[in-house]
Amino acid sequence: MPLDVLRSALREAAIAAGGDGQAAERATLERPKRDDHGDYATNVAMLLAPTIGGPPRDIAAKVGEELQSRLGAQLDRVEVAGPGFLNLFLSDAWHAAALAHVLEAGDRFGSGGAAAPERINVEFVSANPTGPLHVGHARNAAYGDALSRIYAFSGHEVTREYYVNDYGSQIARLAESVQARARGEAVPEDGYQGDYVQAVADAIPDAATLELGELGQRAVALMVERIRDSLHFFGVNFDVWFSERSLHEPSAKLDGTDPVTHAFERLAELDQTYAHEDALWLRSSAHGDDKDRVLVRSTGEHTYFASDIAYMLDKQERGFDRLMYVLGADHHGYKGRMAAAFESLGGDVSALDLLIMQFVHLVERGERASMSKRSGEFVTLDDLLAEIGVDAARWFLLQRSHDTTIDLDLDLAREQTNENPVYYVQYAHARISSVLDKAGAERVSAALAADTSAVALHPSEKALVKKLLMFPAEIEEAGAKRAPHRISAYALELSQTFTAFYRDCKVVGAEGDGVEDLRLGLCVAARTTIATALGLLGVSAPETM
RNA sequence: GCCCCCGUAGCUCAGCUGGAUAGAGCAGCGGACUUCUAAUCCGCAGGUCCCUGGUUCGAAUCCAGGCGGGGGCGCCA
């Protein structure tokens with residue numbers, strides 16, 4: 001990786017200039033905003049100044065000399081600027097070599113960056129199977145899936161998991177609602193009112209007379225099937241659909257005990273529970289939670305938290321290195337108890353990630369509308385996809401940080417669909433495909449094999465090379481910060497940079513020795529990288545538009 | 001009362017493990033189609049980075065305290 005070479009040369013130069021390795025390690029190597037500040041700039045001298053002593057500008061000059069002697073012809077020149085920045089101007093040959101590196105990596109460019117590959121469980125969506133998915137779930141789905149794609153691409157082993165809440169009182173309410181519809185009666189006030197309930201009732205022949213427990217399970221199965229189909233159409237596919245109910249049933253894996261009991265036994269062994277006023281409590285406050293939490297009520301019923309903790313233990317016993325939960329904003333109050341539960345079970349919280357998705361607010365005529373499943377009034381994932389399509393929807397939901405609320409004005413979204421930046425990115429991809437088509441596959445292969453080290457580069461070509469080189473770091477950052485939106489921002493920037501190159505540099509039929517070769521190479525690298533970035537977001541990369 | 005998120009251009013938001021003259025998309029205004037795909041491009045206009053104080057060579061970014069908006073705090077699921 002050309003940037004790594006540059007970075008290590010910089011580190012050596014800093015040490016040779018009398019600095020310590022630690023400060024050199026912290027030094028930035030970044031693309032300045034202004035072209036006259038070089039291809040890359042470093043603040044290393046300002047970091048070294050306190051330990052070396054002396055003016056940062058003098059230190060920068062010394063580091064510059066050391067760097068020049070190490071990089072030779074790869075480096076055109078260095079400049080000391082401002083308070084002590086060292087600006088690096090790299091040669092055309094360096095850029096050409098960097099491009100060759102990108103081309104060699106092909107569609108694996110940017111992949112495998114994980115320093116220590118982990119087995120990661122990403123649990124997301126996990127919406128109750130009592131209604132269709134709404135746009136809030138869609139955001140959760142797009143986010144969890146994009147994160148999963150990023151981790152997998154980085155070299156981690158990812159399991160996408162959906163926790164199905166198929167146990168407890170809301171299932172009883174669903175059953176009652178379905179039965180009421182089947183009998184043509186009014187749905188109970190605390191039941192589910194949406195039209196989908198009728199559809200479920202119609203799909204179960206004897207819904208009017210079926211015993212409620214059985215009806216509930218049949219209804220859940222239908223709802224899960226529907227949810228799975230919606231998500232599949234959205235490009236989100238789960239590896240594991242985990243049943244909450246199974247936590248309360250005897251498990252062969254546990255020699256016939258049920259997982260909840262197993263978890264209670266485990267917690268008792270670790271002395272994490274106690275009885276008080278006929279209830280069983282978890283010592284969660286000993287692990288940073290606000291207070292202790294009830295696992296078994298005085299009535300003998302298990303709390304929902306009991307299921308959660310049994311489920312968490314099950315995940316731990318499956319041997320994951322990291323558990324990630326993508327939770328809705330209304331669950332942020334659970335963070336404390338979930339972390340406490342994890343620790344109570346002997347886990348190290350650094351291996352636990354509780355990610356809170358902020359809301360998607362629906363806006364209608366300038367007013368915020370509420371989304372309530374009980375009232376049956378909400379925009380479903382299916383509605384959204386019917387209106388604006390998978391690509392626009394995924395982009396829309398992924399272009400913002402997960403911790404900012406998004407306003408969704410469906411009228412506006414419909415209107416502005418064609419203004420969605422996703423089309424700009426896709427268009428750039430299609431345009432490159434068209435250029436490469438025009439050149440022809442044979443010509444392109446020949447170009448990729450050609451030696452371009454002596455070609456003089458246009459500034460737009462250099463800019464494109466540098467933008468491409470940023471991709472691995474963007475992936476790493478998107479993963480480390482759990483921020484898929486970094487990838488969409490990058491994809492847009494890369495497309496803009498390509499378009500500027502396309503405007504300034506004729507590709508097919510370009511004059512000069514090796515010029516067309518190099519430009520075709522740039523096209524291939526840009527197309528591959530755009531396609532990869534879009535792929536990580538679950539957005540398609542069309543050849544034509 | 002306690003906790004979480006947000007506050008940056010007219011709007012929606014990037015940028016936040018400190019760096020040089022703060023960015024993008026949309027909206028607005030003015031231009032460019034005989035094309036390698038105009039779903040594009042070029043130009044103009046647009047800012048108290050919520051406020052106050054602190055940290056330092058340097059703060060949109062870090063710290064403290066406010067203000068404003070959103071949300072959560074159950075032996076519900």
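All values below were derived from every heavy atom in this structure, side-chain atoms included, with hydrogens, water molecules and symmetry-related copies excluded.
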Polar atoms only, N or O, under 3.5 Å: list the protein pairs with nucleotides 40-47 of chain B and their distances.
residue, atom, partner, partner atom, Å
U40(B), O2', Arg431(A), NH2, 3.4
C41(B), OP1, Tyr424(A), OH, 2.5
C41(B), O3', Arg503(A), NH1, 3.0
C42(B), OP1, Arg503(A), NH1, 2.5

Interatomic distance where [atom1] belongs to [X] and [atom2] belongs to [N] [whole Å]:
X         : N      : atom1 : atom2 : answer
Glu543(A) : A39(B) : CD    : P     : 18 Å
Arg139(A) : C5(B)  : CZ    : C1'   : 11 Å
Tyr167(A) : C76(B) : OH    : P     : 15 Å
Asp35(A)  : A20(B) : CG    : C1'   : 14 Å
Asp330(A) : C4(B)  : CG    : P     : 17 Å

For RNA chain B, determine which residues of residues 288-311 of chain A have any heavy atom closer than 4.0 angstrom to one of its atoms, and list them numerically.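 Under 4.0 Å from RNA chain B: Lys291(A), Val294(A), Arg297(A), Ser298(A), Tyr304(A).
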With hydrogens left out and only the distance checked, is there a donor-acceptor pair under 3.5 Å joining His332(A)'s side chain and the base of C3(B)?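 Donor-acceptor pair under 3.5 Å: yes.
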Under 3.5 Å, is there any donor-acceptor pair linking the side chain of Asn420(A) to the base of A39(B)?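 Side chain to base: no pair below 3.5 Å.
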Parallel, tilted or perpendicular: rings of [Y] and [X] (30°, 60°):
X         : Y         : result
Tyr274(A) : Trp281(A) : parallel
Phe359(A) : His361(A) : parallel
Tyr163(A) : Phe242(A) : tilted

Give the nucleotide from the list G74(B), A20(B), C5(B) with an atom nearest to the side chain of Gln358(A).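 Between G74(B), A20(B), C5(B), the one nearest the side chain of Gln358(A) would be C5(B).
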Nearest-nucleotide comparison on RNA chain B, the residue closer to the 5′ end among Leu492(A) and Val508(A):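 This one resolves to Leu492(A).
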Considering Watson-Crick and G-U wobble pairs with both distances under 3.5 Å, what does [N] pair with?
N      : result
G1(B)  : C73(B)
U61(B) : none
C33(B) : none
C26(B) : G10(B)

Donor on one side chain, acceptor on other, [X] and [Y], under 3.5 Å:
X         : Y         : value
Ser298(A) : Asp278(A) : no
Asn165(A) : Tyr304(A) : yes
Thr452(A) : Asp517(A) : no
Thr404(A) : Gln358(A) : no

Give Ala49(A) one of three labels, base, sugar-phosphate or nothing, depending on what nucleic acid heavy atoms sit under 4.0 Å from its own.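 No contact.
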[atom1] gap between [N] and [M], integer Å:
N      : M      : atom1 : answer
A59(B) : G18(B) : P     : 13 Å
U56(B) : G47(B) : C1'   : 25 Å
A60(B) : G54(B) : P     : 15 Å
C26(B) : G46(B) : C1'   : 14 Å

Any salt bridge linking Glu543(A) with Arg527(A)? Criterion: basic side-chain nitrogen under 4.0 Å from a carboxylate oxygen.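 Yes.
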Quick one: is the NZ or CZ of Arg245(A) closer than 6.0 Å to the six-membered ring centre of Tyr167(A), and within 45° of its axis?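 Not satisfied by the 6.0 Å and 45° rule.
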Does Arg431(A) make a cation-pi contact with Tyr502(A) (under 6.0 Å, within 45 degrees of the axis)?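 Yes, Arg431(A) sits over the ring of Tyr502(A).
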List the steps, then state whether side chain to side chain donor-acceptor pair (under 3.5 Å) holds for Asn87(A) with Tyr40(A). CA-CA 6 Å; Asn87(A) 297 335; Tyr40(A) 295 96; over 6 Å; no
Evaluate the salt bridge (Lys or Arg N to Asp or Glu O under 4.0 Å) criterion for residues Arg482(A) and Asp403(A): first the C-alpha distance (whole Å), next the side-chain angles of each, then the deciding distance (0.1 Å), finally the verdict. CA-CA 11 Å; Arg482(A) 288 86 173 99; Asp403(A) 54 16; over 6 Å; no
How would you summarise protein contacts on nucleotides 8-18 of chain B per nucleotide, using B for base, S for sugar-phosphate only and - for none, with heavy-atom distances below 4.0 Å? ----BSSSS--
Using side chain to side chain contact (heavy atoms under 4.5 Å, CB included) as the criterion, list what pairs up with Arg57(A), not counting sequence neighbours.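 Arg57(A) satisfies side chain to side chain contact (heavy atoms under 4.5 Å, CB included) with Val80(A) only.
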Could you tell me which residues satisfy side chain to side chain contact (heavy atoms under 4.5 Å, CB included) with Ser445(A), sequence neighbours excluded, listed by chain and number?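 Listed in chain order: nothing, the list is empty.
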Check whether the aromatic ring of His37(A) stacks on the base of A20(B), taking stacking as ring centres less than 5.5 Å apart and planes within 30° of each other.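 Stacked: ring centres under 5.5 Å, planes under 30°.
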Sidechain-backbone polar pair: Tyr490(A) side chain, Lys467(A) backbone, donor-acceptor under 3.5 Å: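 Pair found, side chain donor or acceptor close to backbone of Lys467(A).
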Write out a two-atom table: protein N or O, nucleotide N or O from nucleotides 55-62 of chain B, distance below 3.5 Å.
none

